[in-house]
2 protein chains.
Amino acid sequence: MSNSIFQAKEFYDFLTGKAYTAISRRLHKNFREAGIDITSEQWSILYSLWEEEGLTQQELATRTFREKTAITRLINNLERSQLVIRVVDKADRRTNLIYLTKAGRSLKEKCLAQANKTLAEALIHVKDDHVRIAKDTLKTVYENLS
Amino acid sequence: MSNSIFQAKEFYDFLTGKAYTAISRRLHKNFREAGIDITSEQWSILYSLWEEEGLTQQELATRTFREKTAITRLINNLERSQLVIRVVDKADRRTNLIYLTKAGRSLKEKCLAQANKTLAEALIHVKDDHVRIAKDTLKTVYENLS
DNA sequence: TCCTTGTAGTTGCATATACAACTTTACAAC
DNA sequence: GTTGTAAAGTTGTATATGCAACTACAAGGA
């Protein structure tokens, strides 16, 4: 890309995460208002588990792009909230396999509804093809840097 | 926007801030490697002050889209690092005016160089017009939710 | 002058993150 | 088998965030 882009001062907002902060706060707010007591970070863990249970913490770290230390504490909190449980892998005693509890499983539909609501609120007045381009651009950014 | 967008599973990454996490980590890493001892959050405060000194904490909160409590602590840390100082406003003793120190002012060019480097690394293989659309989309998201 | 209301900033508490150092377990080389 | 190395997870420490409750000050009206 050319340097001309950098002339736009507002471009640095890319770096300060204003949009992400806004969306993350709104997601948390929507969860709260729907009576769901989880953070937006916990949501990303649960989302991975709704897709596939029995993941190791390392696998969750990779999929959610978080440090394994962050996963340790997120799982601590989710376990305290009785939404997931750690099960030591008998085949490899170094690893914990993370499973949803019944309560954790039952949150799925309500959470997805709030996630979709949040996206809809965020993307008012944004054309579909622009959403698609923004999404693809962020994906490329992520791939460039990870 | 239509619901078809939501079919794309990867779209939820929008909500988990993968791209922002990646860019924020890389920015911090680039600062460190350049011998600059600040976080990416502190950077956003300094950036505002390089544009205009003597802002109140509330004004910094508005411009960086952070809670005023976050600003209190960021300024605490920046003051401890001797990059900024609080000056009580004589005209309104409730407010602090935040000024850069000489050291804080001298970081500007080095920091901007690293910020530009980070953006360049993030946006390899992204077309200029896609960058522009992504930027505008994120701006709209921010405006929709704030 | 006193009272009410609003604003700026701080503090307490819970949560989340990064990095380094550590423990435990697995596994391959010898 | 013993040893060396690597991987998974945890813990300590520093930083950052959100929300609620608080203090201090300002400004307008009775």
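Both backbone and side-chain heavy atoms feed into the values below; hydrogens, waters and symmetry mates do not. Predicted model, so just to flag it, every value in this text is computed and none were measured. The sequence lines fix the lettering, A, B, ..., with proteins before strands; numbering per chain opens at 1.
- Under the 3.5 Å distance criterion, the side-chain polar atoms of A:Ser24 are left unmatched by any main-chain donor or acceptor of A:Thr21.
- Counting non-hydrogen atoms under 4.0 angstrom, B:Leu74 reaches the backbone sugars and phosphates but no base.
- Note on B:Thr39: only backbone sugar-phosphate atoms sit closer than 4.0 angstrom, heavy atoms only; bases stay farther off.
- A close approach under 4.0 Å does occur between a side-chain nitrogen or oxygen of A:Arg32 and OP1 or OP2 of D:dC19.
- Within the 4.0 angstrom heavy-atom criterion, only backbone atoms of the sugar-phosphate kind lie near B:Thr95; the bases stay farther away.
- Residue-to-nucleotide proximity on DNA chain C shows that, of A:Lys68 and A:Arg93, the 5′-proximal contact is made by A:Lys68.
- Atom CG of A:Asn77 and atom P of D:dT17 are 19 Å apart (whole Å).
- With DNA chain D read from its 5' end, the first of the two nearest nucleotides for B:Lys90 and A:Gln58 is the one closest to A:Gln58.
- Going from atom CG of B:Asp92 over to atom C1' of D:dC25 covers 7 Å, rounded to whole Å.
- OP1 and OP2 of D:dT10 both lie 4.0 Å or more from every side-chain N or O belonging to A:Asn76.
- Side-chain atoms of B:Asn76 and B:Arg73 form no donor-acceptor pair, as typed in the model, at a separation below 3.5 Å.
- Using bins of under 30°, 30° to 60° and over 60° for the plane-to-plane angle, the ring pair B:Tyr12/A:Tyr47 lands in the tilted bin.
- Computed from coordinates, the B:Leu145 CG to D:dG18 P distance equals 14 Å when rounded to whole Å.
- If you measure from atom NZ of A:Lys29 to atom P of D:dA20, you get 12 Å, rounded to the nearest angstrom.
- Across the protein-nucleic acid pair, B:Arg94 atom CZ and D:dA27 atom C1' stand 8 Å apart, rounded to whole Å.
- Nearest heavy atoms, B:Glu121 versus A:Asn144: O-CB, 3.5 Å.
- Atom CG in A:Leu60 sits about 13 Å away from atom P in D:dA8, given to the nearest Å.
- A salt bridge is defined here as a Lys NZ or Arg NE, NH1 or NH2 lying under 4.0 Å from an Asp or Glu carboxylate O, and B:Glu52 with B:Arg63 meets this definition.
- Within the nucleic acid shown, A:Thr56 comes within 4.0 Å of sugar-phosphate atoms alone, with no base atom in reach, counting heavy atoms only.
- When the shell of 6.0 Å around CG of A:Asp92 is examined, it contains more than 12 heavy atoms from other residues, nucleotides or ligands.
- Atom CD of B:Gln57 is separated from atom C1' of D:dC25 by 15 Å (rounded to the nearest Å).
- Residue whose closest nucleotide on DNA chain C sits further toward the 5' end, between A:Thr69 and A:Gln42: A:Gln42.
- A donor-acceptor contact under 3.5 Å links the side chain of B:Arg73 to the base of D:dG18.
- Within a 6.0 Å radius of CZ in B:Arg32, more than 12 heavy atoms belonging to other residues, nucleotides or ligands are found.
- B:His28 has its NE2 atom 8 Å from the P atom of D:dA16, to the nearest Å.
- Each end of the helix from C:dT1-D:dA30 to C:dC30-D:dG1 gets its own axis, taken as the rotation carrying the C1' atoms of four end pairs onto the next four within a five-pair window, and the two axes meet at 0° to the nearest 10 degrees.
- Around atom CD of B:Gln82, no more than 12 heavy atoms belonging to other residues, nucleotides or ligands sit under 6.0 Å away.
- The footprint of chain A on DNA chain C, defined by a heavy-atom cutoff below 4.0 Å, extends from C:dT15 to C:dA26.
- Residue B:Arg66 places its side chain closer to D:dT17 than to any other of D:dT11, D:dT17, D:dG18.
- In this structure, the side chain of B:Glu53 engages the main chain of B:Leu100 through a donor-acceptor pair within 3.5 Å.
- Distance alone, capped at 3.5 Å, places no donor-acceptor pair between the A:Glu41 side chain and the A:Leu74 backbone.
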